[in-house]
*Asks:* 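For reference, the structure I am asking about is given below.
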Amino acid sequence: QVQVVESGGGLVQPGGSLTLSCAASGSDFSIYVMRWYRQTPGKERELVAAILSGGYTNYADSVRGRFTISGDNAKNTQYLQMNSLKPEDTAIYYCNIAAHRAGIGLRDYWGQGTQVTVSS
């Protein structure tokens, strides 16, 4: 199995910063894509940022210039640096990876989510 665990969520004031981390563990797997999603009640899950194993990144327009995704396939870890946070950034943030595992192939794996609350 591949286990994915997020951490780093919490309460932060508007304009503040927060860094989320995501660690993947398991045996005999390689990560191809790392993604962060977020979801709030009554809204669809939104893709926030993604990074490919080759280093290519993309971002939702709402976070571009404020958030930075980074990843290290060798460490099976990814990060989301969030700056200039706004109340509308409040959501549960989910880590997602596309990983290849021997005997199984390429699959998506999800973390349980971490709550980020931006409030004054």
Side-chain angles (χ1 to χ4, degrees):
Q1 296 183 355
V2 178
Q3 302 292 326
V4 181
V5 180
E6 308 96 334
S7 63
L11 176 65
V12 63
Q13 294 183 345
S17 298
L18 204 62
T19 300
L20 307 181
S21 63
C22 174
S25 62
S27 61
D28 200 15
F29 70 95
S30 298
I31 298 174
Y32 283 72
V33 186
M34 301 177 181
R35 306 180 184 95
W36 286 97
Y37 289 83
R38 67 185 182 187
Q39 187 169 21
T40 58
K43 296 182 179 179
E44 295 183 350
R45 187 172 56 190
E46 175 189 20
L47 176 63
V48 176
I51 183 170
L52 305 182
S53 60
Y56 173 82
T57 60
N58 59 33
Y59 299 90
D61 289 341
S62 59
V63 307
R64 194 184 310 275
R66 299 188 297 118
F67 290 12
T68 302
I69 187 172
S70 61
D72 187 339
N73 283 342
K75 297 181 179 180
N76 296 325
T77 303
Q78 65 170 306
Y79 304 92
L80 184 67
Q81 293 183 330
M82 304 182 293
N83 300 320
S84 301
L85 284 162
K86 305 174 181 179
E88 50 263 43
D89 294 319
T90 297
I92 300 175
Y93 284 72
Y94 295 92
C95 177
N96 168 267
I97 65 169
H100 183 275
R101 190 171 178 225
I104 298 177
L106 187 65
R107 303 280 182 85
D108 275 8
Y109 300 89
W110 291 88
Q112 296 299 310
T114 184
Q115 176 71 46
V116 173
T117 302
V118 184
S119 177
S120 60

*Asks:* Just how far is it from atom OH of Tyr94 to atom CG of Leu47, taken to the nearest 0.5 Å?
*Replies:*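 If I round to the nearest 0.5 Å, the distance is 14.5 Å.
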
*Asks:* Would a single hydrophobic cluster contain both Val48 and Val33, if residues Ile, Leu, Val, Met, Phe, Trp and Tyr are joined by side-chain heavy-atom contacts under 4.5 Å?
*Replies:*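 No: no chain of side-chain contacts under 4.5 Å links Val33 to Val48.
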
*Asks:* Going by heavy atoms in the side chains, are Glu88 and Ser62 under 4.5 Å from each other?
*Replies:*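 No; the side chains remain at least 4.5 Å from each other.
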
*Asks:* For Arg38 and Leu80, what are the C-alpha separation, side-chain angles and deciding distance, and is it a side chain to side chain contact (heavy atoms under 4.5 Å, CB included)?
*Replies:* CA-CA 12 Å; Arg38 67 185 182 187; Leu80 184 67; over 6 Å; no

*Asks:* Carefully, step by step, assess Cys22 and Met34 under the rule side chain to side chain contact (heavy atoms under 4.5 Å, CB included).
*Replies:* CA-CA 9 Å; Cys22 174; Met34 301 177 181; over 6 Å; no

*Asks:* Output the distance between atom CD1 (Ile31) and atom CD1 (Ile97), rounded to the nearest 0.5 Å.
*Replies:*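 So the CD1 of Ile31 and the CD1 of Ile97 are separated by 4.0 Å.
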
*Asks:* With sequence neighbours left out, what residues match Ala23 under side chain to side chain contact (heavy atoms under 4.5 Å, CB included)?
*Replies:*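 In terms of side chain to side chain contact (heavy atoms under 4.5 Å, CB included), with neighbours along the sequence ignored, Ala23 is linked to no residue.
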
*Asks:* Between the main-chain N or O of Glu6 and the side-chain N or O of Gln112, is there a donor-acceptor pair closer than 3.5 Å?
*Replies:*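 It does not hold such a pair.
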
*Asks:* How long is the straight-line distance from NE2 of His100 back to OG of Ser30, given to the nearest 0.5 Å?
*Replies:*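 The NE2 atom of His100 is 8.0 Å from OG of Ser30, to the nearest 0.5 Å.
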
*Asks:* Tell me the closest heavy-atom pair linking Asn83 and Ser17, and the distance in Å.
*Replies:*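 Minimum heavy-atom separation between Asn83 and Ser17: OD1-OG, 2.9 Å.
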
*Asks:* Rounded to the nearest 0.5 Å, what's the gap from CZ on Phe29 to CD1 on Ile104? Could you check?
*Replies:*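 Atom-to-atom, Phe29:CZ and Ile104:CD1 are 11.5 Å apart.
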
*Asks:* For residues 92-108, which residue pairs qualify under salt bridge (Lys or Arg N to Asp or Glu O under 4.0 Å), counting only residues two or more places apart or in two chains?
*Replies:*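 Of all non-adjacent pairs touching residues 92-108, those that pass salt bridge (Lys or Arg N to Asp or Glu O under 4.0 Å) are Arg35-Asp108.
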
*Asks:* Side-chain heavy atoms nearer than 4.5 Å, only ILVMFWY residues, links allowed to pass through others: does that put Leu52 and Val2 together?
*Replies:*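 In one cluster: no.
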
*Asks:* If hydrophobic clusters are built from ILVMFWY residues whose side chains come within less than 4.5 Å, do Tyr109 and Tyr93 share one?
*Replies:*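 They do share one cluster, since a chain of ILVMFWY contacts under 4.5 Å joins Tyr109 to Tyr93.
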
*Asks:* Quick one: does Phe67's side chain get under 4.5 Å of Leu85's, heavy atoms only?
*Replies:*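 Phe67 reaches Leu85 side chain to side chain.
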
*Asks:* How would you list, by chain and number, every residue that makes a side chain to side chain contact (heavy atoms under 4.5 Å, CB included) with Ser21, sequence neighbours excluded?
*Replies:*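 Applying side chain to side chain contact (heavy atoms under 4.5 Å, CB included) to Ser21 gives Ser7, Tyr79.
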
*Asks:* Counting only heavy atoms not in Gln13, do more than 12 sit closer than 6.0 Å to its CD atom?
*Replies:*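 No, the 6.0 Å shell around CD holds no more than 12 heavy atoms from other groups.
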
*Asks:* If you take all heavy atoms of Gly9 and Val116, which pair is closest and at what distance?
*Replies:*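 Smallest interatomic distance, heavy atoms only, reads CA-CG2, 4.2 Å.
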
*Asks:* Taking it one step at a time, do Leu11 and Gln115 satisfy side chain to side chain contact (heavy atoms under 4.5 Å, CB included)?
*Replies:* CA-CA 8 Å; Leu11 176 65; Gln115 176 71 46; over 6 Å; no

*Asks:* Can you tell me how far apart OG1 (Thr19) and CE (Met82) are? Round to the nearest 0.5 Å.
*Replies:*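 The distance works out to 7.0 Å.
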
*Asks:* Just wondering, more than 12 heavy atoms not from Gln39 lying within 6.0 Å of its CD?
*Replies:*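 Count over threshold, so yes.
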
*Asks:* Between Lys75 and Thr77, what is the shortest heavy-atom contact and its length?
*Replies:*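 Heavy atoms of Lys75 and Thr77 come nearest at O-OG1, 2.9 Å.
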
*Asks:* Report the C-alpha distance between Lys86 and Val118 in whole Å, list the side-chain angles of each, state the deciding distance to 0.1 Å, and finish with yes or no for side chain to side chain contact (heavy atoms under 4.5 Å, CB included).
*Replies:* CA-CA 6 Å; Lys86 305 174 181 179; Val118 184; 5.5 Å; no

*Asks:* For residues 33-56, which residue pairs qualify under ring pair (Phe, Tyr, Trp, His ring centres under 6.0 Å), counting only residues two or more places apart or in two chains?
*Replies:*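 Qualifying pairs: Tyr37-Trp110.
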
*Asks:* If I compare all heavy atoms of Cys95 with all of Val4, which pair ends up nearest, and what's the gap?
*Replies:*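 Shortest heavy-atom contact: SG-CG1, 3.6 Å.
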
*Asks:* Considering residues at least two apart in sequence or located in another chain, which fulfil the side-chain hydrogen bond (donor to acceptor under 3.5 Å, both in side chains) criterion with Gln3?
*Replies:*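 Per chain and number, Gln3 pairs via side-chain hydrogen bond (donor to acceptor under 3.5 Å, both in side chains) with Gln1.
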
*Asks:* Is there a path of hydrophobic side-chain contacts, each under 4.5 Å between heavy atoms of I, L, V, M, F, W or Y residues, that connects Tyr59 with Leu18?
*Replies:*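 Yes, same cluster.
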
*Asks:* Quick one: which residue pairs count as a salt bridge (Lys or Arg N to Asp or Glu O under 4.0 Å) with a foot in residues 57-71, not counting sequence neighbours?
*Replies:*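 For residues 57-71: Asp61-Arg64, Arg66-Asp89.
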
